[in-house]
Amino acid sequence: MEGVLVTGSAQAVLQGECARCLEPISDEFEVRFQELFVYEEHQTPHDEDDEVSTLEKDLLDLEPLLRDAVVLALPFQPLCMDDCPGLCPECGARLADDPDHAHEAAIDPRWAGLAELTNEDD
């Protein structure tokens, strides 16, 4: 009887970019939350340090509770697919579109002068 226990769920839509290939993604998810809102007359000095949610008259503010629940449910690095290969580090091509994408082996810059000599002999 020292407050009101609020239990609920919320649905949200995630829109953003894949962390690996930068393709747009969209997803829906649901979060559950529960919080005790304490009456002002039952609040103790110890509660003020712990940031306990309080009722102001007969009103309660759900915004911080919903914001925290949704932000904690968001993926740290959203992906378009679980096995998204990402982008080519050399040219930026999307590897999911071309799985056999390859480049010639890079020439060691210390031997580049010798490669020029062989090209002159031809």
Side-chain angles (χ1 to χ4, degrees):
M1 296 298 178
E2 58 190 45
V4 175
L5 180 65
V6 176
T7 303
S9 63
Q11 294 178 346
V13 176
L14 163 71
Q15 292 185 343
E17 293 179 338
C18 176
R20 293 183 186 160
C21 68
L22 305 177
E23 284 293 306
I25 58 173
S26 180
D27 192 17
E28 292 183 10
F29 62 97
E30 183 175 343
V31 294
R32 297 191 167 284
F33 56 89
Q34 185 173 21
E35 182 80 22
L36 176 64
F37 287 83
V38 179
Y39 291 115
E40 288 180 336
E41 56 268 8
H42 287 53
Q43 190 175 12
T44 63
H46 176 69
D47 292 340
E48 291 175 3
D49 295 337
D50 293 338
E51 295 184 22
V52 173
S53 300
T54 58
L55 284 166
E56 296 177 15
K57 299 183 184 177
D58 287 335
L59 301 175
L60 51 97
D61 185 11
L62 288 177
E63 182 186 356
L65 178 61
L66 287 172
R67 183 183 58 238
D68 291 345
V70 168
V71 168
L72 290 174
L74 290 174
F76 182 66
Q77 293 184 334
L79 301 175
C80 58
M81 329 180 262
D82 290 337
D83 59 344
C84 177
L87 301 175
C88 174
E90 291 185 32
C91 67
R94 187 169 184 253
L95 297 175
D97 295 338
D98 185 13
D100 297 327
H101 181 79
H103 294 277
E104 293 181 15
I107 298 175
D108 188 342
R110 296 174 290 183
W111 297 100
L114 291 176
E116 291 175 10
L117 290 176
T118 58
N119 290 340
E120 290 175 4
D121 292 340
D122 293 338

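The chain is numbered in sequence order, starting from 1.
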**Student:** Using a 4.5 Å cut-off between side-chain heavy atoms of Ile, Leu, Val, Met, Phe, Trp and Tyr, which other residues end up in the same hydrophobic cluster as Leu22?
**Tutor:**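 Answer for Leu22: Leu87.
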**Student:** Each residue besides Phe29 in its hydrophobic cluster should be listed here, by chain and number; the cluster joins Ile, Leu, Val, Met, Phe, Trp and Tyr at side-chain heavy-atom distances under 4.5 Å.
**Tutor:**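 Besides Phe29, the cluster holds Leu14, Val31, Val70, Leu74.
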**Student:** If you look at every heavy atom in Leu66 and Ala10, which pair is closest and at what distance?
**Tutor:**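 Nearest heavy atoms, Leu66 then Ala10: CD2-CB, 3.9 Å.
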**Student:** According to salt bridge (charged side-chain N to carboxylate O under 4.0 Å, His left out), does anything in residues 10-20 pair up with another residue at least two apart or in another chain? List the pairs.
**Tutor:**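 Passing the test, one end in residues 10-20: no pairs.
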**Student:** Provide the closest heavy-atom pair for Ala96 versus Pro85 in the form atom of the first, atom of the second, distance.
**Tutor:**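 The answer is N-CG, 3.5 Å.
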**Student:** How would you list, by chain and number, every residue that makes a side-chain hydrogen bond (donor to acceptor under 3.5 Å, both in side chains) with Ser26, sequence neighbours excluded?
**Tutor:**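 Expected list: none.
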**Student:** If you look only at distance, which donor and acceptor atoms sit under 3.5 Å apart when one is on a side chain in residues 98-106 and the other is two or more places apart or in another chain?
**Tutor:**
from	atom 1	to	atom 2	distance (Å)
His101	NE2	His103	NE2	3.0

**Student:** Would you kindly confirm whether Val38 and Leu5 end up in one hydrophobic cluster when ILVMFWY residues are joined by side chain heavy atoms under 4.5 Å apart?
**Tutor:**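 Same hydrophobic cluster.
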**Student:** For atom CD of Gln77, is the number of surrounding heavy atoms from other residues, nucleotides or ligands below 6.0 Å larger than 12?
**Tutor:**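 At most 12 heavy atoms, drawn from other residues, nucleotides or ligands, come within 6.0 Å of this atom.
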**Student:** Could you measure the distance from the CZ atom of Phe37 to the CG atom of Leu60? Nearest 0.5 Å is fine.
**Tutor:**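 One finds 5.0 Å between CZ of Phe37 and CG of Leu60.
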**Student:** Taking all non-hydrogen atoms of both residues, which atom of Cys18 and which atom of Cys80 are closest, and how far apart?
**Tutor:**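 Between these two residues, the closest heavy atoms are SG-N, 3.4 Å.
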**Student:** Not counting sequence neighbours, list each pair that qualifies as a salt bridge (charged side-chain N to carboxylate O under 4.0 Å, His left out) and has a residue in residues 65-82.
**Tutor:**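 Found Glu63-Arg67.
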